[in-house]
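In what follows, a structure is listed as structure tokens, so that the remarks can point back to it.
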Amino acid sequence: MWTKLANPSFFLRWSGAAVPWLAALAAALLAVGLYMSFVLAPADYQQGETVRIMFIHVPAAWLALFLYATMSVSAIGSLVWRHPLADVSQKAAAPIGAAFTLVCLVTGALWGRPMWGTYWVWDARLTSVLVLFLMYCGVLALWRTIEEPGRAARAVSILTLVGFVNVPIVKFSVDWWNTLHQPASVLRLGGPTIHPSMLYPLLVMALAFTALAVTLHMYTMRTEIMRRRVRTLTLLEAERLDRRAAA
Amino acid sequence: MSRAFGALLARDLRLAARIGGSGVLGLIFFLMIVTLVPFSLGPDLNLLSRIGPAILWLSAVLATLIGLDRLFQADEEDGSLDLMIASPLPLELVVLAKGLAHWLTTGLPLALASPLFGLLVALDLTGMGAMVATLLVGTPALTFVGAVGAALTVSIRRGGLLLAILVLPLMIPTLIFGVSAANAALGGTVPFLTPFLILIALTLITVVIGVFAGAAALRAGE
């Protein structure tokens, strides 16, 4: 069943049907989430209105990691099964992940200015996210430089997986020279410390961002499959013309 | 198998010694960076000795990048890489031999010469000893992270810049623990051994990852 779903032609068919629904879902969730976080949620007693930046910042950070994980799983698919759809999924996830990482960094800086009095501090978490962004940049750069798609996919897979092993090490190293950033407050043992009036908007926004990421990912995968078809057709046509010229 | 390994190592060392002398060039580059720092920071010896280990480590990271882009590319261009892939010696050991040769001609000379450069940034005797020790155990990690990048960019012309972009983020942990070990030796609250042992662990992990990922990348590039 999975192998059938992952057949590129079949994927084009079912994803073509799914994308509009996913897009509508993402738009609806985003509308509700934004209304909840910018109208319904109360201002924080310490942070004031700036706390609303968190409703964008935190889901973006989650998605930045989630998309790197997606890339890593697809990388295994590329290396182990050499599945073309895994190549496509990897390639499609990279720019989206980089964009979410950038959103996370920028919103974090905007929040940091009024709260910490500075746009940037070399704190452990900020630095890890910056390194994550640099690794996304490396992955994107490698995709652009190797022209042959199959070879590019295998090379990028290795880079992605080496990066995946390295992310926890970077995180650990960077924690070594410690921190201004508050410890995790949503996903932790003993339940969330954040008040429900702020937790629900945050969760809705997280769902909305996930739906958005899935929509964009699927859409980009479709574009990439079609781009590859165009490439193959062009090569075939060139070959046909060559043969005709020779004959 | 160990004969083939030795032959490959000896060949790479001979090449490094005869063409370009990348070991000497690396040292000169290292000296250049260490010389540039006081021009940008000012000649205050107190400040320089405080940040000395950081300067030397940063210079070592940059100097390691020299010659990395040619690590496999030169062999790819003249076809000897194909012979190595076809040889009975596992490709992982080929990567190990070539990485070892690169380290012997860049990392090792840097580590041994670091007391000399330490003089320029007013390190005391303990500091110099710490620099030699940390560079000695830390630079192999830099080389083998670099070997992965070199294997990934093997067929890319002028891949040097891309290589730097790919491998520099992966060198951050080594840099952090190298500098903190050296600083710990100079005083501070952390005992020297804690970051130093982590640095050794990082090197061991990185050599393993680098050897396997490098070989996989070379196979993928065929």
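Between A:Tyr68 and A:Phe164, the two ring planes are parallel [angle under 30°; tilted spans 30° to 60°].
Interface check for chain B: of the options A:Leu142, A:Leu134, A:Val165, A:Val156, the most heavy-atom pairs under 4.5 Å are formed by A:Leu142. Contacts with chain A were tallied for B:Ile165, B:Leu166, B:Leu175; B:Leu166 has the most, counting heavy-atom pairs under 4.5 Å. Ranked by heavy-atom pairs under 4.5 Å with chain A, the first of B:Ile172, B:Leu202, B:Leu162 is B:Leu162.
Remark: side-chain polar atoms of A:His217 are paired, donor with acceptor, to backbone N or O of A:Ser89 under 3.5 angstrom.
Note: A:Leu85 CG to A:Met221 CE = 4.0 Å, rounded to the nearest 0.5 Å.
In this structure, A:Leu63 and A:Ile96 have side chains that are not in contact, with every pair of non-hydrogen atoms separated by 4.5 Å or more.
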For B:Ser155 and B:Glu76: C-alpha separation, side-chain torsions, deciding distance, then whether side-chain hydrogen bond (donor to acceptor under 3.5 Å, both in side chains) applies. CA-CA 7 Å; B:Ser155 56; B:Glu76 201 255 355; 5.4 Å; no
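For the side chain to side chain contact (heavy atoms under 4.5 Å, CB included) test with B:Pro38, the passing option among B:Leu45, B:Val121, B:Leu48, B:Asp44 is B:Leu48; the others fail.
Of all residues spanning residues 208-216 of chain B, those with a heavy atom less than 4.5 Å away from chain A's heavy atoms are B:Ile209, B:Ala213, B:Ala216, arranged by number.
Remark: aromatic rings of A:Phe209 and A:Phe100 are close, center separation under 6.0 Å.
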